[in-house]
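This structure is a prediction, so every number in the text was calculated from the model and none was measured.
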Amino acid sequence: MEDEVLKIDGLTLHYGGSQILNGIDMRARRGEITCVMGTNGVGKTSLLKAVSGSHRYSGGAITLSGRDVAHAPAHVLAQCGVGYVPQGRDIFPFLTVRENLETGFACLPRDERYIPDEVFDLFPILKEFLGRRGGDLSGGQQQQLAIARALIARPSLLLLDEPTEGIQPNIIQQIGRVIEHLREKAEMAIVLVEQYFSFAYDLGDSFYVLERGTVTLSGRKGEIDRDELLRNVSV
């Protein structure tokens with residue numbers, strides 16, 4: 001499929017003797033938001049880490065825009081267009097906002113190493129705080145910085161792990177608007193791991209529910225019943 005950015009087939013992942021992911025099949029298309037849902041500990045973060053190259057997986061295949069990227073390390077996947085915003089944000093607390101953003105330059109050619117104006121259009125507070133240390137920002141501001149840093153490299157696949165976690169409601173709304181804007185531009189596929197059901201359901205175009213490392217329910221919005229989806233992701 002022409003707009004299919006991410007294709008996962010039969011992905012398995014182990015930690016020591018424990019199998020965390022068991023034969024995951026998933027697709028993510030350009031201009032769409034693919035939501036990965038489920039309770040704590042079902043493998044959602046492990047899935048994103050495998051796709052981003054942060055964790056080595058045991059078996060299966062990952063294809064990015066038609067290119068086999070099996071077991072490629074994180075820096076290679078970043079160069080291939082994978083932008084990853086991890087749970088917990090992982091900003092550098094002692095670097096300024098500008099320096100944090102500039103860490104996104106690493107996978108770009110020298111002539112593309114600049115901060116696009118759109119970053120500040122999406123997150124105006126970051127322009128105001130360019131000289132402030134990352135560790136001095138609020139949790140919501142740090143989340144905005146983490147997303148902005150991922151966008152610096154102009155990804156074709158954006159992975160977002162729990163972007164609403166610990167964030168105040170007004171910032172959650174802003175982040176939701178940013179994600180919608182990125183979808184409407186249709187330049188990337190977005191994979192969203194999220195436990196805040198309403199946030200995920202309102203944004204999502206397709207859904208994958210994980211339970212014990214296995215996809216137990218999947219479908220596109222309109223094909224999958226909202227109440228059934230909610231039941232499957234509730235404790």
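Hydrophobic clustering (ILVMFWY, side-chain heavy atoms < 4.5 Å, transitive): Leu182 and Leu6 are in distinct clusters. Follow the hydrophobic side-chain contacts under 4.5 Å out from Val193 and you reach Val5 in the same cluster. Note: the hydrophobic cluster containing Val178 also contains Ile125 (ILVMFWY, side chain heavy atoms under 4.5 Å, direct or indirect links). Under the 4.5 Å side-chain heavy-atom criterion for Ile, Leu, Val, Met, Phe, Trp and Tyr, Met26 and Met188 are members of distinct hydrophobic clusters. Taken together through direct or relayed side-chain contacts under 4.5 Å among Ile, Leu, Val, Met, Phe, Trp and Tyr, Ile115 and Leu95 form parts of separate hydrophobic clusters.
Residue Gly88 comes nearest to Glu165 through the heavy atom pair N-OE1, 4.5 Å, listed as atom of the first residue, atom of the second, then distance. For the pair Gly135 and Ile91, the tightest heavy-atom approach, listed with the atom from each and the gap, is N-CD1, 4.1 Å. Among all heavy-atom pairs drawn from Ile20 and Ser46, the shortest one is CG2-OG, 3.5 Å. Residues His14 and Ser58 come closest through the heavy atom pair ND1-OG, 2.7 Å. For the pair Ala148 and Val119, the tightest heavy-atom approach, listed with the atom from each and the gap, is CB-CG1, 3.7 Å. For the pair Ala150 and Leu158, the tightest heavy-atom approach, listed with the atom from each and the gap, is CB-CD1, 3.9 Å.
Here the straight-line distance linking atom CG of Asn100 with atom CZ of Phe129 works out to 14.0 Å at 0.5 Å rounding. The line from SG of Cys35 to NZ of Lys44 is 12.0 Å long, rounded to the nearest 0.5 Å. Separation of atoms CG (Leu160) and CG (Leu203) is listed at 10.0 Å; rounding is to 0.5 Å. In this structure, Gln174 CD and Ile147 CD1 are separated by 9.0 Å, a value rounded to the nearest 0.5 Å. For the atom pair Arg212 CZ and Leu210 CG, the distance stands at 13.5 Å (nearest 0.5 Å). Rounding to the nearest 0.5 angstrom, the gap separating the CZ atom in Arg113 from the CD1 atom in Ile152 is 12.5 Å.
In this structure, Val69 and Val82 have side chains that are not in contact, with every pair of non-hydrogen atoms separated by 4.5 Å or more. Annotation: side chain of Leu130 is not in contact with side chain of Thr96 (no heavy-atom distance under 4.5 Å). Looking only at side-chain heavy atoms (C-beta outward), Thr164 and Ile175 stay at 4.5 Å or farther from each other. Inter-residue side-chain proximity for Glu228 and Asn232 is flagged as met; some heavy-atom pair is nearer than 4.5 Å. At least one side-chain heavy atom of Ile62 sits under 4.5 Å from a side-chain heavy atom of Leu11. You'll find the side chain of Asp227 reaches within 4.5 Å of the side chain of Arg231, heavy atoms only.
For Arg220, the salt bridge (charged side-chain N to carboxylate O under 4.0 Å, His left out) criterion is met by Glu32, not counting sequence neighbours. Among residues two or more places apart in sequence or in another chain, the ring pair (Phe, Tyr, Trp, His ring centres under 6.0 Å) test is passed with Tyr15 by His55. Applying the side chain to side chain donor-acceptor pair (under 3.5 Å) criterion to Ser156, with sequence neighbours excluded, gives no partner residue.
Applying the ring pair (Phe, Tyr, Trp, His ring centres under 6.0 Å) test to every pair with at least one member in residues 202-221, sequence neighbours left out, gives these pairs: Tyr201-Phe207. Pairs engaging residues 63-93 under the ring pair (Phe, Tyr, Trp, His ring centres under 6.0 Å) rule: Tyr57-His71 [sequence neighbours left out].
Heavy atoms of other residues, nucleotides or ligands lying less than 6.0 angstrom from CG of Asp117 number 12 at most.
Side chain of Lys221 to main chain of Asp202: a donor-acceptor pair is present (N/O by atom type, distance under 3.5 Å, no hydrogens or angles). Formation of a donor-acceptor pair under 3.5 Å by the Gln195 side chain with backbone atoms of Glu162 is not found in this model. For Glu112 (side chain) and Pro109 (main-chain N/O), no donor-acceptor pair under 3.5 Å exists by modelled atom type. Within the 3.5 Å criterion, the main-chain N or O of Tyr196 finds a donor-acceptor partner in the side chain of Glu194. Panel note: side chain Arg30, backbone Glu187; a donor-acceptor pair is recorded below 3.5 Å.
Taking a 4.5 Å side-chain heavy-atom cut-off between Ile, Leu, Val, Met, Phe, Trp and Tyr, the cluster of Phe94 contains only that residue.
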Pair Ile171-Gln143, side-chain contact (heavy atoms from CB on, under 4.5 Å): steps then yes or no: CA-CA 9 Å; Ile171 302 297; Gln143 186 65 66; 5.6 Å; no

Residue pair Asp25, Val215: steps toward the side-chain contact (heavy atoms from CB on, under 4.5 Å) verdict: CA-CA 8 Å; Asp25 295 333; Val215 175; over 6 Å; no

From CA spacing to verdict: side-chain contact (heavy atoms from CB on, under 4.5 Å), Leu122, Leu151: CA-CA 11 Å; Leu122 295 174; Leu151 295 178; 4.0 Å; yes

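Salt-bridge check for Arg27 with Asp9: passed, with a basic side-chain N closer than 4.0 Å to an acidic carboxylate O. Using a 4.0 Å cut-off between charged side-chain N and carboxylate O, Asp205 and Arg29 make no salt bridge.
Gln19 and Thr12 are not linked by any side-chain donor-acceptor pair at a separation below 3.5 angstrom, with hydrogens and angles left out of the test.
Under a cutoff of 6.0 Å and an axis angle of 45°, Arg98 and Phe105 do not form a cation-pi pair.
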